Structures are given as C-alpha cells and as structure tokens.
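One structure is given here, and the rest of the page talks about it.
Keep in mind that what you see is a predicted model, and the values were worked out from it rather than measured.
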Amino acid sequence: MNHRPPSVPQGASPHAPDLRRSHRLRRAALGRVRAHSPLVQCLTNSVVTGFTANVLLALGASPAMVDIPGEAGPFAEVASGVLVNLGTPHAEQRSAMAEAARAAGSAGTAWVLDPVAVGALPVRTALARELLELRPTVVRGNASEIIALAGAGGGGRGVDSSDGVEAAEEAAGRLADATGGVVAVSGPVDLITDGTRTARIANGDPLLTRVTGGGCALGAVMAAYAAVDEDPFASTVAAVAAYTVAAELAAKQASGPGSFAVAFLDALAALRESDVVERAAVS
C-alpha cells in the first residue's frame with residue numbers, strides 16, 4: 001500500500017527504526033506489567049469472564065469485572081486500563097460500556113474496544129460505532145469485524161471471520177486514522193497498525209482458537225500493556241507477542257483444547273522476557 005522510499009534497502013521495512021524500538025520495548029514490557037500489576041476493568045461477555053480474569057492474573061495484572069451503570073464510569077476513572085468487549089451486550093451492560101468509555105477518555109485511561117460479531121448483528125454494530133466515536137486507544141478484532149467496523153463490509157459468520165487478515169489492512173489503517181489509536185487484526189499472522197507504523201506477528205497456535213475466550217482475553221492483555229506504556233503501538237505489539245508466544249509454549253505441553261487452556265495459563269505465568277524476545281516473529 002505504501003511506496004518504498006528510495007533510501008530504504010531492498011527487503012527492509014520502511015518502518016524498521018520503529019520496529020526496532022518496539023523490539024526494545026518488548027524486552028521490558030512484561031516486566032513492567034508484573035511490576036505495576038495494572039488494574040484492568042473488564043466489561044466483557046458472560047462466556048469468557050472467568051478465563052479473562054485468569055489470563056490477567058497469570059500474566060501479573062489485576063482484573064476487575066465492573067460492568068453495571070453507576071459503577072462502570074467511576075471505576076474507569078481509577079482503573080489502569082479498560083476493556084470493552086461486545087460479546088454479549090445486554091441492555092444494562094451497553095449503558096455501562098458507554099459510561100466507562102466516556103470516563104476512560106476523560107481520565108486519560110487507555111481502553112480497548114473489541115467489536116465482537118460487529119457487522120453480523122445490528123445491536124452491537126450500532127453500539128460499536130457509537131463507542132468508536134469515543135476514540136478507543138486500541139481496537140482489536142478479526143478481519144471481518146475490522147472491515148465491518150470501518151464500513152467496508154457486512155461482517156463475518158458470527159464471531160468467526162470470513163476474511164483474511166491482509167484483506168483488512170486498508171480498513172484497519174482507516175480506523176486507526178479515525179480514532180488516533182491502534183488497530184489490531186487477529187489471525188494466523190496478526191496485523192497491528194496505528195496508521196503510520198505497521199507490524200505483523202507470526203506466532204501463536206491453532207489451539208488458541210479452540211478455547212472459549214482465547215481472543216477475548218487478548219483484548220484485556222492489550223489493556224494491561226497499554227496501561228504501563230506511553231506508546232500504544234509498541235504496547236500492542238508487545239502484548240500480542242507475549243500472548244502468542246505463550247500459546248506456542250503451551251501447545252507443546254497440550255494434547256487438546258482442554259489441556260491447552262490449563263497449559264496456556266501456566267505458560268503466561270512462567271513466561272520470561274527472554275522467551276518473548278527470542279521467539280517473537282515480528283516484521
């Protein structure tokens with residue numbers, strides 16, 4: 001999509017200095033999360049609350065499932081980071097999500113929007129576009145969700161994407177420009193962009209897609225990382241790298257989805273910064 005500047009050698013990325021900076025930040029990011037134990041408010045779907053909380057705890061962050069009106073806004077003002085996940089958006093939670101997003105924006109709190117099944121279903125699609133106007137720090141979704149949120153398609157098959165990650169690159173760039181934030185497209189190779197810098201991360205394991213909450217919990221991890229890093233692009237790259245490297249390590253110990261879920265929590269808890277730096281396939 002971008003033309004290569006003449007000064008960039010053939011085969012090199014035009015954003016290589018930014019990615020090298022992200023590489024340095026990845027080395028320290030996991031340590032900062034564990035040192036600061038960021039308090040992550042999760043307004044998320046009822047299917048994944050337990051798994052999401054356990055992922056945050058395993059990583060070293062602190063989860064708080066505060067998602068009712070009258071509490072969501074005040075809590076967002078004191079939380080370190082906020083996740084708004086539209087998986088099961090009942091009426092009361094929808095009000096709380098808007099309240100939390102507005103409060104997070106006013107307080108300068110990093111917040112992540114996960115537009116689950118947007119485009120395929122009308123209520124959450126309208127809510128996602130309302131929340132998008134509140135300028136999330138990070139938007140995380142699969143390719144079909146990102147394309148639909150950008151107004152360029154009709155969405156996927158429920159929570160499953162019907163589009164490849166590369167098909168969403170242009171839509172992701174437009175969303176990043178519109179929000180002034182970062183957009184992360186999840187898939188076999190994750191794509192992360194802030195409209196200027198773009199990174200791809202080729203880690204992970206298919207077993208992660210066979211555990212309920214495998215994608216949703218990543219949004220909470222992004223919120224934890226964004227809470228301890230002033231650069232949302234670098235923090236999102238770091239979060240995805242750590243998460244997907246842990247998935248690879250867990251898959252080596254697992255015999256199927258059930259044992260993988262347990263091994264994944266253990267892998268997150270045991271993850272070392274050196275594991276991320278040595279194994280992360282970032283380009």
Side-chain angles (χ1 to χ4, degrees), residues 19 21-44 48-66 75-76 78-85 100 104 107-114 136-140 181-182 184 186 190 192 194 199 201 203-204 208 213-250 261 263-282:
L19 292 178
R21 180 171 182 267
S22 297
H23 184 82
R24 291 196 298 272
L25 289 168
R26 281 203 310 279
R27 184 180 293 275
L30 178 60
R32 285 200 299 275
V33 169
R34 289 173 173 163
H36 295 284
S37 189
L39 177 62
V40 181
Q41 179 183 6
C42 299
L43 298 92
T44 192
V48 305
T49 51
F51 187 75
T52 299
N54 285 335
V55 162
L56 287 172
L57 288 168
L59 194 66
S62 180
M65 276 49 185
V66 181
F75 199 89
V78 300
S80 308
V82 177
L83 167 66
V84 176
N85 175 296
T109 303
W111 70 283
V112 176
L113 172 63
D114 191 335
T137 310
V138 182
V139 178
R140 188 218 77 86
V182 175
S186 293
D190 296 285
I192 300 160
D194 64 0
I201 302 178
N203 295 99
L208 195 55
C216 295
L218 176 55
V221 172
M222 290 176 178
Y225 271 73
V228 298
D229 195 323
E230 63 183 16
D231 182 346
F233 175 79
S235 74
T236 305
V237 170
V240 174
Y243 198 82
T244 54
V245 165
E248 289 180 349
L249 295 171
F264 182 55
L265 294 176
D266 288 344
L268 285 169
L271 192 66
R272 299 169 298 177
E273 291 177 345
S274 59
D275 294 326
V276 182
V277 172
E278 290 168 8
R279 297 181 64 95
V282 182

**Message:** Can you list everything that forms a salt bridge (Lys or Arg N to Asp or Glu O under 4.0 Å) with Arg272? Sequence neighbours excluded, please.
**Reply:**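 Arg272: salt bridge (Lys or Arg N to Asp or Glu O under 4.0 Å) contacts with Asp275.
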
**Item:** By salt bridge (Lys or Arg N to Asp or Glu O under 4.0 Å) - contacts of Asp194 (at least two apart)
**Value:**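 Per chain and number, Asp194 pairs via salt bridge (Lys or Arg N to Asp or Glu O under 4.0 Å) with Arg197.
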
Residues two or more places apart in sequence or in another chain: which of them pass side-chain contact (heavy atoms from CB on, under 4.5 Å) with [X]?
| X | result |
| --- | --- |
| Ala250 | Phe260, Ala263, Phe264, Ala267 |
| Ala35 | none |
| Ala270 | none |
| Ala223 | Val40, Val112 |

Shortest non-hydrogen separation from [X] to [Y] and the atoms involved:
| X | Y | answer |
| --- | --- | --- |
| Cys216 | Asn85 | SG-ND2, 3.3 Å |
| Ala100 | Ala76 | O-CB, 3.6 Å |
| Cys42 | Thr52 | SG-CG2, 4.1 Å |
| Ala281 | Asn203 | N-OD1, 2.7 Å |
| Val282 | Ala199 | CG1-CB, 4.3 Å |
| Ser37 | Ala61 | OG-C, 3.9 Å |

**Prompt:** After noting the C-alpha distance and the side-chain angles of Leu218 and Ser186, does the key distance pass the side chain to side chain contact (heavy atoms under 4.5 Å, CB included) rule?
**Reply:** CA-CA 10 Å; Leu218 176 55; Ser186 293; 4.0 Å; yes

Whether the side chain of [X] engages the backbone of [Y] through a donor-acceptor N/O pair (distance < 3.5 Å, no angle test) should be reported.
| X | Y | result |
| --- | --- | --- |
| Glu273 | Gly31 | yes |
| Ser62 | Leu39 | no |
| Arg140 | Asp114 | no |
| Gln41 | Val66 | yes |
| Thr137 | Trp111 | yes |

**Request:** Carefully, step by step, assess Leu271 and Arg34 under the rule side chain to side chain contact (heavy atoms under 4.5 Å, CB included).
**Result:** CA-CA 11 Å; Leu271 192 66; Arg34 289 173 173 163; 3.9 Å; yes

Side-chain donor-acceptor pairs of residues 236-245 under 3.5 Å, sequence neighbours excluded:
| residue | atom | partner | partner atom | Å |
| --- | --- | --- | --- | --- |
| Thr236 | OG1 | Pro232 | O | 2.7 |
| Tyr243 | OH | Gly214 | O | 2.6 |
| Thr244 | OG1 | Val240 | O | 2.7 |
| Thr244 | OG1 | Ala241 | O | 3.4 |

**Prompt:** Yes or no on side chain to side chain contact (heavy atoms under 4.5 Å, CB included) for Val55 and Val221, after CA distance, side-chain angles and deciding distance?
**Reply:** CA-CA 8 Å; Val55 162; Val221 172; 3.6 Å; yes

Within-4.5 Å side-chain heavy-atom neighbours: [X] and [Y]:
| X | Y | value |
| --- | --- | --- |
| Val277 | Ser274 | no |
| Pro63 | Leu57 | yes |
| Val228 | Ser80 | no |

**Message:** Walk me through whether Tyr225 and Val138 qualify under side chain to side chain contact (heavy atoms under 4.5 Å, CB included).
**Reply:** CA-CA 11 Å; Tyr225 271 73; Val138 182; over 6 Å; no

**Request:** For residues 235-249, pull every pair meeting salt bridge (charged side-chain N to carboxylate O under 4.0 Å, His left out), keeping only residues two or more places apart or in separate chains.
**Result:**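 Residue pairs passing salt bridge (charged side-chain N to carboxylate O under 4.0 Å, His left out), neighbours aside: Glu248-Arg279.
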
**Prompt:** Got a sec, which residues hit side chain to side chain donor-acceptor pair (under 3.5 Å) with Thr44, two or more places apart in sequence or on another chain?
**Reply:**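 Testing Thr44 for side chain to side chain donor-acceptor pair (under 3.5 Å), a comparison that skips the adjacent residues, returns none.
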
**Prompt:** To the nearest 0.5 Å, how far apart are CG in Leu59 and CG in Asn54?
**Reply:**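 Rounded to the nearest 0.5 Å, the CG-CG separation comes to 12.5 Å.
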
